[in-house]
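When a ligand or atom number is given, it counts from 1 through the structure's own listing order. Residue numbers count from 1 along this sequence.
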Amino acid sequence: MRKGVTVWFTGLSGAGKTTISKMVESSLRKSDLKVEVLDGDAVRQHLTSDLGFSKADRQKNIERVAFVSKLLARNGVITLASFITPYKEMRDFCRREIGSYVEIYVKCPLEECIRRDVKGLYKKALDGEIQQFTGISDPFEEPDRPELVLDTTEDSKEICAAKVLDYLIRHSYISGCRP
Ligand code: ADP
């Protein structure tokens, strides 16, 4: 059985984690690879609906996802996990816990994320309607040793997705893939 891997997309809300992971998912599926997506919003609606956004709750959220990712990886699945994961210690936890872990920093300046405001959350956070919002009223610690950095103001989403696939091929997680 092929070795599973967790591709962990970290970055600010609106940076492009979900967009890129969906494109990567579609390419992997076309190539008949076993793939699963764990996305922050969906996971918080189901697996971790009891949790909020304090540091302790964010930690618990990530711990549960890491646990699921580890089970999937053990069964040869490529897991695409998109979570802001703002704290270095949380990402280090994932790296240790999951083992087969590729960290991808989806990089986008805060000003651009605010301009995009995909879900209208930045406006609410800036108006004080949402507390503990990463980048506005909560910290984001930049990754210091990600396997890959995708700059979503420099590269198109297609190029970003291609860079992820290329990384997975070069490191033998997959043998090839149609874009
Ligand atoms: P996140 O999952 O990080 O919160 P989303 O993927 O939901 O972010 O939203 C990112 C937004 O930025 C989308 O509207 C997407 O179309 C846009 N975008 C612009 N350029 C890029 C790019 N190069 N890569 C990914 N998304 C991009």
Side-chain angles (χ1 to χ4, degrees), residues 5-30 35-49 51-53 55 57-59 61-62 64-66 68-69 72 78-88 90-91 94 98 101-127 129-144 146-168 177-179:
V5 61
T6 297
V7 183
W8 195 281
F9 295 90
T10 172
L12 292 171
S13 175
K17 303 179 295 297
T18 301
T19 304
I20 296 166
S21 76
K22 276 188 183 155
M23 295 180 74
V24 172
E25 177 196 14
S26 133
S27 296
L28 295 173
R29 288 202 191 280
K30 272 191 231 157
V35 54
E36 192 53 76
V37 168
L38 294 174
D39 197 81
D41 293 340
V43 164
R44 278 192 173 271
Q45 267 176 35
H46 300 285
L47 187 66
T48 59
S49 56
L51 301 177
F53 290 88
K55 190 171 180 190
D57 275 8
R58 286 178 189 268
Q59 177 73 38
N61 185 43
I62 295 304
R64 289 185 204 168
V65 175
V68 175
S69 299
L72 290 167
I78 302 167
T79 301
L80 306 173
S82 299
F83 294 86
I84 299 174
T85 340
Y87 294 97
K88 179 175 166 6
M90 291 176 191
R91 297 187 299 260
C94 291
I98 299 169
Y101 171 85
V102 173
E103 187 172 292
I104 301 193
Y105 177 24
V106 183
K107 190 173 179 179
C108 183
L110 177 63
E111 302 70 52
E112 173 62 10
C113 293
I114 293 173
R115 196 193 62 73
R116 290 179 186 171
D117 207 4
V118 190
K119 299 165 202 151
L121 296 176
Y122 280 102
K123 182 172 184 320
K124 288 190 178 160
L126 287 165
D127 289 347
E129 288 171 36
I130 305 178
Q131 321 302 319
Q132 296 179 303
F133 195 78
T134 301
I136 304 296
S137 41
D138 229 36
F140 181 80
E141 298 173 357
E142 285 218 303
D144 50 13
E147 273 70 20
L148 198 60
V149 179
L150 303 174
D151 187 328
T152 65
T153 52
E154 291 261 315
D155 288 333
S156 68
K157 54 191 177 184
E158 289 78 13
I159 295 204
C160 291
K163 283 186 174 177
V164 176
L165 294 171
D166 180 60
Y167 181 92
L168 295 176
C177 192
R178 288 189 278 145

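Under a 3.5 Å cut-off, the side chain of Lys88 and the backbone N or O of Pro143 do not form any donor-acceptor pair. Distance alone, capped at 3.5 Å, is enough to place a donor-acceptor pair between the Arg91 side chain and the Thr85 backbone. Under the 3.5 Å distance criterion, the side-chain polar atoms of Asp151 are matched with a main-chain donor or acceptor of Glu154. Panel note: side chain Arg44, backbone Leu51; a donor-acceptor pair is recorded below 3.5 Å. Panel note: side chain Thr134, backbone Phe140; no donor-acceptor pair is recorded below 3.5 Å.
Between Asp117 and Lys123, the closest heavy-atom pair is OD2-N, 3.0 Å.
With atom 18 (N) of ligand 1 as the reference point, the heavy atom nearest to it among Lys157, Arg116, Glu158 is part of Arg116. Evaluated by nearest non-hydrogen atom to atom 25 (C) of ligand 1, the leading choice among Ser156, Gly16, Ala161 is Gly16. Looking at Leu12, Thr10, Thr19, it is Thr19 that brings a heavy atom closest to atom 15 (C) of ligand 1. Closest heavy-atom approach to atom 21 (C) of ligand 1 within the set Thr153, Asp39, Val106, Thr152: this belongs to Thr152.
Assignment of Ser82 to the shell around ligand 1 is not supported, since no heavy atom sits closer than 4.0 Å. Heavy-atom separations between Lys119 and ligand 1 include at least one value shorter than 4.0 Å.
Contacts with ligand 1 closer than 4.0 Å are made by side-chain heavy atoms of Val118 only, the backbone lying farther away.
For the residue pair Glu147 and Tyr167, no side-chain donor N or O sits within less than 3.5 Å of a side-chain acceptor on the partner. Using modelled atom types, one finds a donor on one side chain and an acceptor on the other under 3.5 Å when comparing Tyr101 with Glu103.
Residue Gly14 has at least one N or O atom closer than 3.5 Å to an N or O atom of ligand 1. Polar contact with ligand 1: absent for Cys160 (N/O pair, distance under 3.5 Å).
Taking the six-membered ring wherever Trp is involved, the centroid distance between the rings of Tyr122 and Phe133 falls below 6.0 Å.
The protein atom (non-hydrogen) at minimum distance from atom 7 (O) of ligand 1 is Thr18 CB, 3.9 Å. For atom 23 (N) of ligand 1, the nearest non-hydrogen atom of the protein is Asp155 O, 2.7 Å.
For ligand 1 and Ser13, the ligand atoms under 4.0 Å from any heavy atom of the residue are 4 (O). Residue Ile20 approaches ligand 1 through these ligand atoms, each under 4.0 Å from one of its heavy atoms: 24 (N), 25 (C).
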